[in-house]
Protein chains: 2
Amino acid sequence: MNIEIDFRSGIPIYLQMVERIKERIATGRLTPGDQLPTVRSLALELRVNFNTVARAYRILDEVGIISTQQGRGTYVMNNPPPEISEKIRQKALKALTHRYLADAERLGASSEELNQILKDQVTHWQQAGHLLDPELDNE
Amino acid sequence: MNIEIDFRSGIPIYLQMVERIKERIATGRLTPGDQLPTVRSLALELRVNFNTVARAYRILDEVGIISTQQGRGTYVMNNPPPEISEKIRQKALKALTHRYLADAERLGASSEELNQILKDQVTHWQQAGHLLDPELDNE
DNA sequence: TGTCTCAATGTATAATTGTATTATTGTACT
DNA sequence: AGTACAATAATACAATTATACATTGAGACA
């Protein structure tokens, strides 16, 4: 990877790594789909603890620049989609809704049941500002 | 098989697969006696290691939903009793709604816009249906 | 008919990868 | 000195993958 870190600059290592990786992506030396070094290999290369690398990766992941996947590795994400026109956006939203309702119907949902579930989840959506993960626990 | 999994959701792949397959069975898209894809073919389709598929199958096997047989394949067992099936159905509906709202959020939909679109489409869906309560607009 | 071979299937175990939690270190400030 | 806090490291853990293995069944063939 050949990233340069200055241990005496006073700037935290993980922040330096975030910047260096951002640069790589911005300049095209890293492109969507590319796998970044594993936290351990990059840590070895930079003579740093792998948790420090993981911290940098996590920051980039939260911003959506890369995707870290346990057991698989970390990958450069697709470039943020260009501004989509309002009409296309609305069309996509309608298609999405159509598919959703079709699936719900297949699941035998009545309009009342759907109404209830939507009200419930939209409330959470608005309160949290984002959506919570569905519950996957068994029974 | 056309199963959808989200590598970024933070939910383990094998658990996502368990849920998706449960949904298929609960909704009758997979019926008793049907053969599931081999661990290798499904793994290839999902770009995943076949052991991950095997892990999902094993979980479903232990619960008695499917039957995996070395050298033969894996098959859907008899339908689970209705009360279990109903639980799975509800959970599937909630997960479906969650994914829908997450996608809609990504498209920049406000709750008001969503409400309008849903009202529109539900009208077409069931002529009788008034899906959303008006008070959802409030606050 | 028997059995041999082999491809396709699931299984078991270890290695690789990221994650979470806790401990250590360094630095600024009283 | 002492305290508080951030950065880093140590350790244990969970998910996924890599590799080798065991089981099954279909076909070849004597």
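Here is the naming used below: chain letters follow the sequence lines, and residue numbers restart at 1 for every chain.
The backbone N or O of A:V48 lies less than 3.5 Å from no partner atom in the side chain of A:T52, so there is not a single donor-acceptor pair. Looking at B:Q35, its side chain never comes within 3.5 Å of a backbone N or O of B:G73 through a donor-acceptor pair.
Protein atom CD1 of B:I59 is 12 Å distant from nucleotide atom C1' of D:dA15, rounded to whole Å. What separates CD of A:Q35 from P of C:dT17 is a distance of 8 Å, to the nearest Å. Put simply, CG on B:N49 is 14 Å from P on C:dT11, counting in whole angstrom units. If you take CG of A:L46 and P of D:dA9, they are 11 Å apart, rounded to a whole angstrom. Atom CD in A:Q69 sits about 11 Å away from atom C1' in C:dT17, given to the nearest Å. Protein atom CD of A:Q70 is 13 Å distant from nucleotide atom C1' of D:dA12, rounded to whole Å. The CZ atom of B:R8 sits 16 Å away from the C1' atom of C:dT19 (whole-angstrom rounding). A straight line from CD1 of B:I66 to P of C:dT9 spans 15 Å, rounded to a whole angstrom.
To the nearest 0.5 angstrom, B:E62 atom CD is 6.0 Å from B:R58 atom CZ.
Comparing atom distances between the B:T74 side chain and each of C:dG10, D:dT16, D:dT8 picks out C:dG10 as nearest. The side chain of A:N51 has C:dA20 as its nearest neighbour among C:dA20, D:dT16, C:dT17. Picking from D:dT8, C:dT17, D:dT24 the nucleotide with the shortest atom distance to the side chain of A:T52 gives D:dT8.
For the pair A:E113 and B:R89, the minimum side-chain heavy-atom distance is below 4.5 Å.
Checking A:L60, A:L36, A:D34, A:I21 one by one against A:T74, the side chain to side chain contact (heavy atoms under 4.5 Å, CB included) holds for a single residue, A:L36. The residue from A:R29, A:R20, A:R24 that alone fulfils the side chain to side chain contact (heavy atoms under 4.5 Å, CB included) condition with A:N2 is A:R24.
Between B:Y14 and D:dT16 there is no side-chain polar atom (N or O) within less than 4.0 angstrom of OP1 or OP2. For the pair B:R72 and D:dG25, the criterion of a side-chain N or O lying under 4.0 Å from OP1 or OP2 is met.
Overall, the helix from C:dT1-D:dA30 to C:dT30-D:dA1 carries an axis bend of 20° between its ends, with five pairs at each end and the value rounded to 10°.
Note on A:R55: a base of the nucleic acid sits closer than 4.0 angstrom, heavy atoms only. Within 4.0 Å of B:T68, counting heavy atoms only, lie sugar-phosphate atoms of the nucleic acid but no base atom.
Take the nearest nucleotide of DNA chain C for B:F50 and for A:R40: the residue whose nucleotide is more 5' is B:F50.
Donor-acceptor pairing under 3.5 Å is recorded for the side chains of B:Q16 and B:S9.
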